[in-house]
Amino acid sequence: MNESTFPNLLAPLDLGFTTLKNRVLMGSMHTGLEDGNQHDRLAAYFAERARGGVALIVTGGYAPNRAGWVKPFAGKLTTRAEVRKHRRVTQAVHVEGGKIALQILHAGRYAYHPLSVAPSRIRSPITPFTPRELSTAGVEKQIRDFVRCATLAQEAGYDGVEIMGSEGYFINEFLVRHTNHRQDQWGGEFSRRMRFPVEIVERTRDAVGTDFIIIYRLSMIDLIPDGNSWDETVQLAQAIERAGATIINTGIGWHEARVPTIATSVPRAAFAWVTRKMKQVVSIPLVTSNRINLPATAEKILADGCADMVSLARPMLADPEFVSKARAGRADEINVCIACNQACLDHTFSNRMSSCLVNPRACHETELNYLPTDSPRRFAVVGSGPAGIAAATVLAERGHDVVLFEAATELGGQLNMAKVIPGKEEFHEMLRYFRRQLELRQVDVRLGARTGADELMSGQFDEVIIATGVLPRDPQIEGQDNANVLSYIDVLRNNAPVGRRVAIVGAGGIGFDVAEYLLKDGTSPTLDLDEWLEEWGVVDPEQARGGIARERKPPAPPAREITLLQRKPGKLGAKLGKTTGWIHRATLKMNGVQMLGSVNYERITEDGLLISFGKERKDATLLEVDHVILCAGQEPLRDLLEPLREAGMKTHVIGGADVATELDAKRAIDQGSRLAAEL
């Protein structure tokens, strides 16, 4: 398995003045490393990906001026003093044989600061600041700043730039009528609205010469009701090609669009068909993007003629060696991006440094390394959930002798419940990766082994890591022992039969997961692209502006009538992922799930669940349901801890056994990996 397995993916791409060594572009991601003076960390981060074989890296977005900042003091490239710092990054990438382009991103009305500017004075729904409308002279200044940023990037040693013209940012805002109300030469008819990006590309090409990569990130499907028509999008793409772009990269959807585009519930390569449409009408190379996380998926896209390159952004967080492993016939060893967004986008939009749920080293390459040990020891790891399996893998990678005990007959702990939720099928890949790593690292895995303190004490272990996970919390509801009451474990792990009318007690992540599982009755639109597109109202942009259906077809009746309840007041699912919570709430709403807060659980009877509302316990109501499902949180399971410590065994507690709030695989894997790196 090498080039012959992925011949299209690993083929070089001749750009005329330079050649890319394969068809993989590392897509732009804002990680937080771009902000402030963190160029040494950026250099290490990008160098590791270049060493892993990616052909062309695109940085996170850098503003061409302060007005274009995503947030105050975000990354920008505006002075020669900044150029010197960027040379550390470009040199590190070039030493590893890679190429790198700087993304020029002007936030426009998406900027989270009061200096924002836009073609028209129209506030975005995702920021609190109303932008200042640019004068004609102001528009000209913005163009000059784009060009200056590109020339500074060239001076800093970048091989090219990507001009960010999609996702609803500044350039995109000139293109559609609902954000551009101008009547001068930059507004009105589409030929005038598109003049802004075309001028940027033309003037940039004039300034940087012919031997410099210019990527234009073009919104090929806006996914907003009044977005561009397909004819307008084609007209723009052809003009961008004439203006001197080297490559056109596919952008999908505005940030304010109410269609998921990169979450784990989005089918793999869900939008490659849009790039394929564009490939028929332009001649420069096209890059397709979104939810491409396996070499086989990328190979099929290229073999089918959908694009000339594939953009892998988050997959490069998950595994910087993605390309080299594919080339070496080790695709089964790739740590696959599960598109959870929990440590990347959720961190970015919470003003925190990005990382990766499945790879905590991402963006932390200078501080978290799994170095070979000088003194191998023997460790017992009890529990193979995300914390335990991560700790066992890293310990063994470093050269320690590891025995992994798992009471169940399969590895994975709570991950085995996550993987059955419609839209969370990528957890199968996560488990596959860890199983392969345990095999490669020669970890002694003992399934069906509920080990006790005595066995651990007699096993000649130097230290024990307790990763035994959680138990469901007892909600103490009168009647909870009735036959019509189930736990989430009964439903997700044991496949207990569930009636048509259901009340779910608890609206955290598990409650939402159980609701989605029962709505679909085991089927998943994520595995059927046509069904998923129909569910979210996405159509060919030739049929409707922006690719959004004018009238959405009613969804098929759900498998069950579900009521989701929580004790707390306020919005249900408030603590779900910052960038994905709205998707889960929208899915339940589309399928008629009733969501109730401020609920008191009075008692469960054979007829259903009696509830009341608020501190006054008013409006007592009987929810007539066939089953009540308890998803009321978890408690740590660590009954091994005290016996082991009393016996003098050195112990560590990680994952849910340490902190049981929700089922947080991100924290568990990070904690397990960091502990194993230090021991």
Side-chain angles (χ1 to χ4, degrees), residues 28 30 34 58-72 74-78 102-150 153 161-182 184-187 190 192-204 214-220 222 224 226-228 232-233 236 239-240 243 245 249 251-257:
S28 174
H30 196 86
E34 302 84 3
V58 180
T59 69
Y62 284 88
N65 51 40
R66 288 184 179 178
W69 268 341
V70 174
K71 61 182 180 180
K76 64 181 179 66
L77 181 54
T78 59
L102 179 126
Q103 187 188 75
I104 307 175
L105 185 152
H106 190 304
R109 72 178 194 145
Y110 280 171
Y112 208 86
H113 59 75
L115 303 177
S116 61
V117 297
S120 297
R121 193 177 186 276
I122 304 168
R123 187 173 67 85
S124 131
I126 61 174
T127 53
F129 301 99
T130 300
R132 174 173 59 85
E133 180 174 320
L134 288 164
S135 66
T136 302
V139 174
E140 283 285 348
K141 180 183 182 303
Q142 301 301 315
I143 296 173
R144 291 195 300 273
D145 288 350
F146 269 92
V147 175
R148 179 188 62 189
C149 187
V161 293
E162 177 174 79
I163 296 169
M164 180 50 155
S166 70
E167 265 81 355
Y169 289 112
F170 185 55
I171 292 175
N172 223 169
E173 292 160 17
F174 273 85
L175 294 170
V176 301
R177 289 187 183 276
H178 91 277
T179 50
N180 184 348
H181 293 178
R182 306 176 71 94
D184 61 2
Q185 63 265 47
W186 306 107
F190 185 72
R192 298 209 303 270
R193 300 202 306 275
M194 78 173 196
R195 183 183 165 204
F196 183 69
V198 173
E199 288 278 340
I200 290 173
V201 175
E202 280 183 348
R203 297 190 204 179
T204 299
I214 298 178
I215 307 167
Y216 183 81
R217 180 82 168 267
L218 186 145
S219 184
M220 290 197 196
D222 290 334
I224 54 174
D226 50 356
N228 282 335
E232 290 169 341
T233 305
L236 173 62
I240 292 294
N249 192 3
I252 300 294
W254 288 38
H255 283 318
E256 63 203 72

(request) Tell me, please, which residues at least two apart from Ala150 pass side chain to side chain contact (heavy atoms under 4.5 Å, CB included). (result) Ile104, Val161, Thr204, Val208
(request) With sequence neighbours left out, write down each residue that passes side chain to side chain contact (heavy atoms under 4.5 Å, CB included) with Ala74, or none if nothing qualifies. (result) Asp35, Trp69, Lys71
Partner residues of [X] under the ring pair (Phe, Tyr, Trp, His ring centres under 6.0 Å) criterion, sequence neighbours left out:
X	answer
His113	none
Phe146	none
Phe170	His106, Phe174, Phe196
Tyr112	Phe129

(message) Enumerate the salt bridge (Lys or Arg N to Asp or Glu O under 4.0 Å) contacts for residues 165-175, please, sequence neighbours excluded, ordered by first and then second residue.
(response) Glu167-Arg217
(request) Would you mind listing every salt bridge (Lys or Arg N to Asp or Glu O under 4.0 Å) that reaches into residues 110-121, with sequence neighbours excluded? (result) none
Below 4.5 Å, heavy atoms only, C-beta onward: do [X] and [Y] meet side chain to side chain?
X	Y	answer
Arg132	Leu134	yes
Pro125	His255	no
Ile163	Ile214	yes
Val147	Ile200	no
Asn228	Arg193	yes

(request) Give a yes or no on this: more than 12 heavy atoms of other residues, nucleotides or ligands lie within 6.0 Å of atom CZ of Arg66. (result) no
Going by side chain to side chain donor-acceptor pair (under 3.5 Å), name the residues that satisfy it together with [X], two or more places apart in sequence or in a different chain.
X	answer
Thr179	none
Asn180	none
Ser219	Asp222
Gln185	none

(request) Please determine if Glu232 and Arg177 form a salt bridge, counting it only when a charged side-chain N lies under 4.0 Å from a carboxylate O. (result) no
(message) Nearest 0.5 Å, please: how far is CZ in Arg109 from CD1 in Ile126?
(response) 8.0 Å
